[in-house]
Amino acid sequence: MKITRRTFLKISGATAAGTVIGGLGFDLSPAEVYAQQLRIKGAKETATICCFCSVGCGIIVSTDAKGKVINSEGDPDHPISEGSLCAKGASSYQIAVNSNRLQRVRYRAPYSDTWKEVSWKWALNKIAANIKKTRDASFMEKNAEGKVVNRTNGIASVGSAAMDNEECWLYQKFLRSLGLNYIEHQARI
Amino acid sequence: MTNQYNDFRNADVILNMGGNVAENHPVSFKWIQTAKDKGAIFIHVDPRFTRTSSKADMFVRLRSGSDIAFLGGMVKYILDNKLYDEFYIKNYTNISLIVNPKYGFNDGLFSGYDPSKRAYDRSTWAYEMDEQGIPMRDMTLQDPRCVFQLLKKQYSRYTPEKVTEITGTPMDDLLRVYKAYSSTGTPNKAGTCLYAMGWTQHTVGVQNIRAMCIIQLLLGNMGIAGGGVNALRGESNVQGSTDHGLLFHILPGYLPAPRAQWETLADYNKTTPASKDSRSLNWWKNRPKYIVSFLKSMYGEKATKENDFGYAWLPKLDPTQDASWLVLFDEMYKGKFPGFFAWGMNPACSSANAGKVRMALAKLDWMVNVNLFDNETGSFWEGPGMDPKKIKTEVFQLPCAASMEKEGSISNSGRLMQWRYKASNPPGEARPDGDIMYELFKKVRVLYEKEKGAYPDPVLNLKWDYETNGHFDVHKVAKEINGYFVEDISEHPVDKKAYKKGPLVPSFVYLLDDGHTSCGSWIYSASYTEAGNMAARRKKTDPTGLGLYPEWAWCWPVNRRIIYNRASVDLEGNPRNPNKPLMKWDAADKKWVGDVPDGPQPPMGTNGIYPFIMKPDGLGSIFGPGLIDGPFPEHYEPLECPIEKNLMSSQRINPVIRVFEGGPDTFLTCDPRYPFVCSTYRVTEHWQTGVLTRWLPWLIEAEPQIFCEMSLELAKLKGIKNGDKVTVETSRGKIWAVAIVTSRLKPFNIAGNTVHQIGLPWHFGWIHPKDGGDSANLLTPTIGDPNTMIPESKAFMANVSKLAQQPAKKKS
């Protein structure tokens, strides 16, 4: 990322100084600026766009030397959000740092009452085999009127507005190559 | 969105209707505030007083599901008081066009209705053509069959008295809004409207928006700074996912999905929109270039002129097949699909009639569920009322990367495509969605290579070469979407220059229908060119002073920030509002200055073109023959409604909606067991089904449980106190919620009867938190708008009652 340390730190430090003097009667501004700097000292900043609503607010994610997310905050340079974030956008940090995140591939066998952790290789091989089996069994070359339709009637997909543009395009390519017509997502509901 | 979020600041009057912008798009509100600070009037029209209403100059109530009556009354007000922009409607809209003499409207039905099919034969919803095949016009607007006169006739019935009876809006409030909004019918004023699911989630959803489009055209508010019809979409990239064709009926770039009756590419191309009017640019005439370039992006060198560029390899729908969401889950419920992907979605909570969806998931053989967190869809088999031992569905739950853990772009509601960078690695073994699908397809292909199988051609011939050093490379897909020259071109028809095979195309203007170019999605062409990744730009130059920031990221199409912008100038190309000039024709240099124009042609007065270039006739559609439920919006009641009779006509409900019946699909209207109008909605602290936000500690602490809002009057009637646990029930399902008794809701007077309205958020689900409640979509009906099939989640009938068993109160 090409964002350099920018002047907004100085500006926010100065603003903080003004309010602090007003409130307490003595100058805490050096401590405020120091605290601001500590939070992101040695951190790398990365620009992103909020993942929630469609306003497209700018967010700066800070990571430490080990690549761990340590902070997220509004991007003051962004022309729509100008540094502001709502409650959701301001919580973006907790998406990255969250012990509830799914971290392993899970498999639930037919009639089972538990999840089992499995490897990516095993899961992807088995999903690919399922796709082929269902596609082969449900593929229709011609419809009842004898017109060529070349479609897979037995698989449907929903998703996803949560993906990036490139992933959305790639996903439709993947699904249409398999012959799916039942392709839907959030935009319909 | 025709305009931009930060363009709200350029408006003089802002109408938020069918939405709650302060709550659901909070940061955009700063631009409404900026407009207000400059004197703009902000109007909120909604069934409920919300965070948005608290900031509005005018807040006006209406009953959920009565928006067309409200807006139809505004059309009448504008016409009666001649508040329309006469120059604009005569020159830029179809108001003067003459309609077929057989077109008619009587008692709620337009001409051509067939009750046995619940459908219209739309052949009479057409213009009269002259010998050249160009629509006939009467610029005096006196012809009784011109659009202007038909419009007048249609809305003459929408008197303030009638509108008040239907909407429950006091007449003074109606007239205040009409007066304020229609003050923007002069060139020096801009009015904008902001809407969301409050307009779309109705059985008249598209016509709600059409009604506003008619108003915006009458007032000359389309194509100008501070104007437009602006959908505040709900998801960060739902614009992009729609643009890229993740819907049954469209390929990327809004190309129609192929159907069985179009057997060859030539058949498909015969459906290309045509115009015989030389003054209509009819941009869609270029569609054959876009479909061929799309096929080249799909199949690469395997797509040749000889094999119709692989057109046969694309799946085809049956001639009138609807494979949309509600139909998809209806088919799944009937056991038609062995396999299912719920990829970045949680339909067990997000779908209307979610109870039916949960039962449908049990009919699958296998499901792939990709998400950041566990969710009610992937784990449906252990949900309420499910017995895992009886459920066969095999489930694969794949952990994916969050947005800051990968690189790629998203498009906001203003079509602004912004690049995101990777900040950190995903946790554990989670992977980016792109990597997952890239690897998965490779495995499927290997199986087809080894074992053959049913019609392997589209699998084997797919171009799937988006990797660098053995890893998925998102930039290669971004470039594929932009498009390449894939053959040498000795003399390009556009600029007579030669182009070598290999480089990225500069824009869709360079795309060809002969296989010499490829392009994944024509509307995104120009986003990633030989000059670089346009979506990654961060320059904040503002040459117009309007806040368009043309070098911040990139906007489709061709970086045009406000679409239909040719309607902002007069016939000579001078801005009609000199105070907010969007663009201007430089006669000396023979070019436009300002926003990227909708076509480089000179202004209309000097042999130029009509401004609405995506319409075959080039004109803004006040008469809209393209929809299946009527060329003018007409008020119908929701499928479930509180009154026996539509006060406007004998047709109670939209005559062409598809009614799903049987099994879990039930409806009860005017039934004393379900007497209250109910809506679902959102809060700032949560997002959609809560699939992300319920897992974020800061947010779940702020909004921990499902609630049901109701008026003081209704609470008294039902013996409910603020904080009581209540049951909310429809004929589909029943959930508990915490009662919020509030003056934010008030009973309506509908044609002399008291009608109560309640509402609840749909962010919750049984999986987490444990005492948060379940999805409000367990209540909503399987019924959709006939044009879009978006479900009617904003107006249905429910009951609310106090739970006999109240949780023990904490001692203070």
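Order of the sequence lines sets the chain letters (A, B, ...), proteins ahead of strands, with each chain counted from 1.
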ask   = Atom CD in A/E167, atom CE in B/M437: separation rounded to 0.5 Å?
value = 5.5 Å
task = Measure the OH-CG distance between A/Y93 and B/L696 for me, rounded to the nearest 0.5 Å.
result = 12.0 Å
ask   = Checking side-chain contact (heavy atoms from CB on, under 4.5 Å) for the pair A/S54/B/H25: CA distance, chi angles, key distance, verdict?
value = CA-CA 8 Å; A/S54 66; B/H25 300 82; 3.9 Å; yes
Contact check, side chains of [X] and [Y], non-hydrogen atoms, under 4.5 Å:
X      : Y      : answer
A/D164 : B/D433 : no
A/V158 : B/F340 : yes
A/L170 : B/F441 : no

Between [X] and [Y], a side-chain donor and acceptor under 3.5 Å:
X      : Y      : answer
B/N6   : A/E82  : no
B/W464 : A/S177 : no
B/S324 : A/Y182 : no
B/K443 : A/N125 : yes
B/H475 : A/E166 : no
A/N165 : B/S411 : yes
B/S297 : A/W169 : no

ask   = Do B/Q688 and A/I189 pass the side-chain contact (heavy atoms from CB on, under 4.5 Å) test, and can you show the C-alpha distance, the side-chain angles, and the key distance before you say yes or no?
value = CA-CA 11 Å; B/Q688 318 299 53; A/I189 54 174; over 6 Å; no
ask   = Does A/R108 make a cation-pi contact with B/W381, if we ask for NZ or CZ under 6.0 Å from the ring centre and within 45° of the axis?
value = yes
Between A/G56, A/A87, A/A156, the one whose heavy-atom pairs under 4.5 Å with chain B are most numerous =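 Going by pairs under 4.5 Å, I would pick A/A156.
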key: Interface residue of largest heavy-atom contact number with chain B, from A/A161, A/G58, A/S81, A/G159, under 4.5 Å   =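 The option with the most such pairs is A/A161.
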ask   = So, B/D318 and A/R151, do they make that salt bridge, N to O below 4.0 Å?
value =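 So B/D318 pairs with A/R151 through a salt bridge.
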ask   = Under 6.0 Å between the ring centres of B/W552 and A/H78?
value = yes
query = Could you walk me through whether A/T46 and B/M404 pass the side-chain contact (heavy atoms from CB on, under 4.5 Å) check?
reply = CA-CA 9 Å; A/T46 305; B/M404 75 281 273; over 6 Å; no
message = Which one wins on heavy-atom pair count under 4.5 Å against chain A: B/S403, B/P791, B/G414?
response = B/P791
ask   = Under a 4.5 Å heavy-atom cutoff, which of B/N412, B/I391, B/V474 has the most pairs with chain A?
value = B/I391
key: B/Y448: ring pair (Phe, Tyr, Trp, His ring centres under 6.0 Å) partners, not counting sequence neighbours   =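 B/Y448 satisfies ring pair (Phe, Tyr, Trp, His ring centres under 6.0 Å) with no other residue.
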key: Which portion of A/N98 sits near chain B, non-hydrogen atoms under 4.5 angstrom   =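 The answer is the side chain of A/N98.
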request  = Take B/K316 and A/K147 through the side-chain contact (heavy atoms from CB on, under 4.5 Å) test and state the conclusion after the steps.
outcome  = CA-CA 9 Å; B/K316 310 287 184 297; A/K147 305 276 189 195; over 6 Å; no
